[in-house]
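We count ligands from 1, going down the list as the structure has it; atoms in each ligand are counted the same way. Please read all numbers here as calculations on a predicted model, not as lab measurements.
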Amino acid sequence: MSPDQRIILALDVPGFDDAVEIIDRFHEHVEIFKVGSELFTASGPGIIEKVHAYGKKVFLDLKFHDIPTTVYKSALAAARLGVFMFNVHTLGGSAMMQQAAEAVRKVSLKENVNRPKVIGVTILTSMDQERMQSEMGISLRMSAQVKHLASMAQRAGLDGVVASAEEAEEIRARFGRDFLIVTPGIRPVWAVADDQKRTLTPREAIKKGADYLVIGRAVLSQPDPPGALKRIEDEIAGF
Ligand code: C5P
């Protein structure tokens, strides 16, 4: 994949007009835009249609985490929006993930929509091991916990996981070439970490096996956002 196909630009803005401004500015250099809970809550599915109108793909990052029936219905709704990819929390459990996978399989067979990729969020990149253990009561080490959740996701029929680039290498080695790895928490050496804890540079993430890099502030909070995107694309070119 070329760099512009690997980068998922996060539309982390409050409303429809702000998002359109970004899509308009970057659509020639980015293939996939991420619509998260802030933007989707504010603007609804109209923003997804807008990305599609530019001929681009959507990663719908709503991180479903609910009872299996509710996630099944949410997954149907996401698939019907024609998104390229959406995600669920692996911590919602195997039955919930199976229902998400089943929903997209069914809707794509019966309703002639493209089957979206369903990705499981493992442990958020804003969480470090100490807080995961003390607050969530999980006693495993971070890398073991992420592998455990990735294994559940694979067995439940998901297409891959969202994980920190720090864990990408082990996930790639264990779960094979076809299991997608989407990594947020990407910070080039010239960008600040913000609230992210488990960060790696774009080049490190790709070297460790990430398929897609989710990038928000490392581009959009820079003084020269198009220049920042270009630097990142140059950094991962050739891998
Ligand atoms: O600005 P930054 O590049 O840190 O943004 C990362 C984006 O990826 C945010 O929109 C955040 O919601 C999302 N994300 C994340 N960790 C996950 C899944 C998604 O940071 N596990």
A.B. asks: Under a 4.0 angstrom heavy-atom cut-off, which atoms of ligand 1 come close to K63?
C.D. replies: 12 (O), 14 (N), 17 (C), 18 (C), 19 (C)

A.B. asks: How long is the gap from CZ on R198 to CD on Q129, to the nearest 0.5 Å?
C.D. replies: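 Between R198 CZ and Q129 CD, I get 9.5 Å after rounding to 0.5 Å.
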
A.B. asks: Verify side-chain contact (heavy atoms from CB on, under 4.5 Å) between V13 and I22, making sure each step is shown before the conclusion.
C.D. replies: CA-CA 9 Å; V13 285; I22 297 174; 3.6 Å; yes

A.B. asks: Should L124 and I119 be counted in the same cluster of Ile, Leu, Val, Met, Phe, Trp and Tyr side chains packed under 4.5 Å apart?
C.D. replies: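 L124 and I119: one cluster.
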
A.B. asks: Between H89 and ligand 1, which residue portion shows a heavy-atom distance shorter than 4.0 Å: side chain, backbone, both, or neither?
C.D. replies: neither

A.B. asks: Give the numbers and elements of all ligand 1 atoms closer than 4.0 Å to a heavy atom of R187.
C.D. replies: 1 (O), 2 (P), 3 (O), 4 (O)

A.B. asks: Of all the atoms in ligand 1, which lie at a distance below 4.0 Å from a heavy atom belonging to V162?
C.D. replies: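 Answer for ligand 1: 17 (C), 18 (C), 21 (N).
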
A.B. asks: Does D12 reach ligand 1, in the sense of a heavy atom lying below 4.0 Å from it?
C.D. replies: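 Under 4.0 Å: yes for D12.
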
A.B. asks: Could you identify the single nearest non-hydrogen protein atom to atom 11 (C) of ligand 1 and state the distance to 0.1 Å?
C.D. replies: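 Residue, atom and distance for the closest contact: K34 NZ, 4.1 Å.
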
A.B. asks: Step through it carefully: locate the ring centre of F33, locate the ring centre of Y54, and say whether they are under 6.0 Å apart.
C.D. replies: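 No; Y54 has its ring centre 6.0 Å or more from that of F33.
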
A.B. asks: Quick one: which ligand 1 atoms are inside 4.0 Å of a heavy atom on T125?
C.D. replies: 15 (C), 16 (N), 20 (O)

A.B. asks: Looking only at protein heavy atoms, which one is nearest to atom 20 (O) of ligand 1, and what is the separation?
C.D. replies: Q196 NE2, 3.0 Å

A.B. asks: Output the list of atoms in ligand 1 that are nearer than 4.0 Å to some heavy atom of L124, sorted by atom number.
C.D. replies: 17 (C), 21 (N)

A.B. asks: Below a 4.0 angstrom heavy-atom separation, can you tell me which part of D61, side chain or backbone, both or neither, approaches ligand 1?
C.D. replies: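 The part of D61 near ligand 1 is the side chain, not the backbone.
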
A.B. asks: To check your reading of the model: name the closest protein heavy atom to atom 3 (O) of ligand 1, its residue, and the distance in Å.
C.D. replies: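 Here the nearest protein heavy atom works out to G216 N, 2.8 Å.
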
A.B. asks: Could you check whether S126 and Q196, counting side-chain N and O atoms only, form a donor-acceptor pair closer than 3.5 Å?
C.D. replies: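 Looking only at side-chain atoms, S126 and Q196 do not form any donor-acceptor pair under 3.5 Å.
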
A.B. asks: Counting neighbours of CZ on R141 that are heavy atoms of other residues, nucleotides or ligands and sit closer than 6.0 Å, is the number greater than 12?
C.D. replies: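 Result for CZ/R141: open.
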
A.B. asks: Quick one: does T70's side chain have a donor or acceptor within less than 3.5 Å of a partner on D66's backbone?
C.D. replies: no

A.B. asks: Using the six-membered ring wherever Trp is involved, compare the ring planes of F84 and Y212 and label them parallel, tilted or perpendicular (cut-offs 30° and 60°).
C.D. replies: perpendicular

A.B. asks: Give the atom numbers and elements of ligand 1 that come within less than 4.0 Å of a heavy atom of V214.
C.D. replies: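 Reading through ligand 1 atom by atom, the close ones are 7 (C), 8 (O).
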
A.B. asks: Which atoms of ligand 1 sit under 4.0 Å from any heavy atom of V121?
C.D. replies: 21 (N)

A.B. asks: Please list the nearest protein heavy atom to atom 17 (C) of ligand 1 with its residue and the distance rounded to 0.1 Å.
C.D. replies: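 Protein heavy atom with the smallest distance to atom 17 (C) of ligand 1: P184 CG, 3.5 Å.
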
A.B. asks: Run the numbers for me: atoms of ligand 1, each under 4.0 Å from some heavy atom of R217, listed by number.
C.D. replies: 1 (O), 2 (P), 3 (O), 4 (O)

A.B. asks: To the nearest 0.5 Å, how far apart are CE in M97 and CZ in R155?
C.D. replies: 8.5 Å

A.B. asks: Is it the case that S151 and Q154 place a side-chain donor and acceptor less than 3.5 Å from each other?
C.D. replies: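 The criterion, which ignores hydrogens and geometry beyond distance, is not satisfied for Q154 and S151.
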
